[in-house]
K.L.:
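One structure follows; several queries about it will come next.
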Amino acid sequence: MTLVLDRQGESKIPVEVVGITPDQLEGLNEREIAKLTIWFGNQAIELGELFRVQGHLGDDQTIHWSGDLTAVHWIGAGMKSGKIEIGAPTGRHVGSRMQGGVIATASDVSDFAGAEMRGGKLLVGGHAGDLLGGSYPGSKYGMNLGEILVTGNAGRGVGQSLRRGLIAVGGNVDSLCGWNMLAGTILVFGNCGAECGAGMIRGSIVQLSANNAPLPPTFSRGGRYEKYLFGLTAYRLSELGFPTASRLLEHQYQMFHGDLLRGGRGEIFTLGS
């Protein structure tokens with residue numbers, strides 16, 4: 001049976017639900033879960049004051065969030081196992097620093113989704129905000145293992161300071177995609193904004209549109225590669241149900257080395273004949 005947490009009413013006051021994850025709720029009944037502490041603005045309240053709690057985790061360890069979640073932040077932050085389903089647009093920090101498990105959203109997520117995550121899968125059925133899989137101010141690394149798949153668009157700074165892992169965006173991304181990334185892979189199936197790969201040290205960015213902003217001048221042209229270069233990546237995306245995975249195998253690619261100001265070991269692949 002699934003544990004359902006249904007938001008009652010509507011409000012723009014921020015709600016922070018850190019710690020409401022499958023691994024933390026294991027073994028608790030409805031009454032115990034309803035008494036857990038969350039934050040409503042600057043006030044500590046019980047979860048049951050804002051959410052109707054129904055069911056229990058069961059063997060599949062699934063939590064389903066529903067209702068008006070636009071001001072609800074930190075859903076799934078730090079989770080280690082289990083599954084979270086989100087049925088409506090939600091606030092910031094979804095899956096932040098998660099270590100395992102699966103978060104699947106049916107709609108949009110706001111900024112810092114998957115920020116500094118250390119494992120697990122974040123599957124976004126809508127659009128994502130800024131700094132998807134990125135780092136928090138003052139942190140050295142962003143995402144460091146795991147997989148993030150976004151069906152729609154994403155904002156600025158996708159994969160900022162990415163250390164390891166895979167990020168795939170089915171739509172467009174804004175500026176500074178892969179900014180300061182150290183390793184890992186970012187796939188953009190729509191258009192890339194300005195300064196893609198700026199400051200990157202290592203890692204790979206794949207652009208699958210012909211309408212991208214120009215690359216920074218600190219990237220140099222390298223070799224050309226056959227479409228089969230990304231065969232294993234396409235297979236993995238297909239396993240995860242990513243709708244346009246096969247497009248990776250429809251093109252040849254031109255590689256660019258950069259950022260030359262940071263050693264030039266990063267790779268950006270664009271469509272090439």
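Just so you know, these numbers come straight off a predicted model, no measurement behind them. For the single chain, residues carry numbers from 1 onward in sequence order.
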K.L.:
According to the ring-ring contact (aromatic ring centres under 6.0 Å, His included) rule, which pairs have a member within residues 121-180, sequence neighbours left out?
P.N.:
His93-Tyr136, Phe112-Tyr136
K.L.:
Is any side-chain heavy atom of Leu166 less than 4.5 Å from a side-chain heavy atom of Ile148?
P.N.:
no
K.L.:
Under 4.5 Å between any side-chain heavy atoms of Leu187 and Thr233, yes or no?
P.N.:
yes
K.L.:
I need the Met98 CE to Ile75 CD1 distance, nearest 0.5 Å.
P.N.:
12.5 Å
K.L.:
Among residues at least two apart in sequence or on other chains, which ones pass salt bridge (Lys or Arg N to Asp or Glu O under 4.0 Å) with Asp130?
P.N.:
Arg156
K.L.:
Begin with the C-alpha distance, continue with both residues' side-chain angles, and end with the deciding distance and a verdict on side chain to side chain contact (heavy atoms under 4.5 Å, CB included) for Gln254 and Arg221.
P.N.:
CA-CA 8 Å; Gln254 172 69 57; Arg221 183 181 295 267; 3.1 Å; yes
K.L.:
Holding to ring-ring contact (aromatic ring centres under 6.0 Å, His included), I want the full list of residues that pass it with Phe189, two or more places apart in sequence or in another chain.
P.N.:
Phe242
K.L.:
Less than 6.0 Å separating the ring centroids of Phe230 and Tyr253?
P.N.:
yes
K.L.:
Only one of Pro14, Ser110, Ser96 passes side chain to side chain contact (heavy atoms under 4.5 Å, CB included) with His73; say which it is.
P.N.:
Pro14
K.L.:
Side chains of Ile167 and Met143: closer than 4.5 Å at any heavy-atom pair?
P.N.:
yes
K.L.:
Looking at Glu32 and Lys35, does any basic side-chain N land under 4.0 Å from a carboxylate oxygen?
P.N.:
no
K.L.:
Just checking, any donor-acceptor pair under 3.5 angstrom between side chains of Ser209 and Asn191?
P.N.:
yes
K.L.:
Counting only heavy atoms from other residues, nucleotides and ligands, does the tally under 6.0 Å from CD of Glu239 exceed 12?
P.N.:
yes
K.L.:
Would you call Arg202-Glu267 a salt bridge at under 4.0 Å N-O?
P.N.:
no
K.L.:
Got a sec, which residues hit salt bridge (Lys or Arg N to Asp or Glu O under 4.0 Å) with Lys83, two or more places apart in sequence or on another chain?
P.N.:
Glu85
K.L.:
Could you work out, with salt bridge (Lys or Arg N to Asp or Glu O under 4.0 Å) as the rule, every residue matching Arg164, not counting sequence neighbours?
P.N.:
none
K.L.:
Please set out all donor-acceptor pairs under 3.5 angstrom arising from side-chain atoms of residues 36-55, sequence neighbours excluded.
P.N.:
unit_1	atom_1	unit_2	atom_2	d
Glu49	OE2	Glu46	N	3.2
Arg52	NH1	Gln8	OE1	3.3
Arg52	NH2	Asp6	OD2	2.9

K.L.:
So if I apply the side chain to side chain donor-acceptor pair (under 3.5 Å) rule between Ser135 and each of Gln160, Lys140, Glu116, Arg163, which one comes out positive?
P.N.:
Gln160
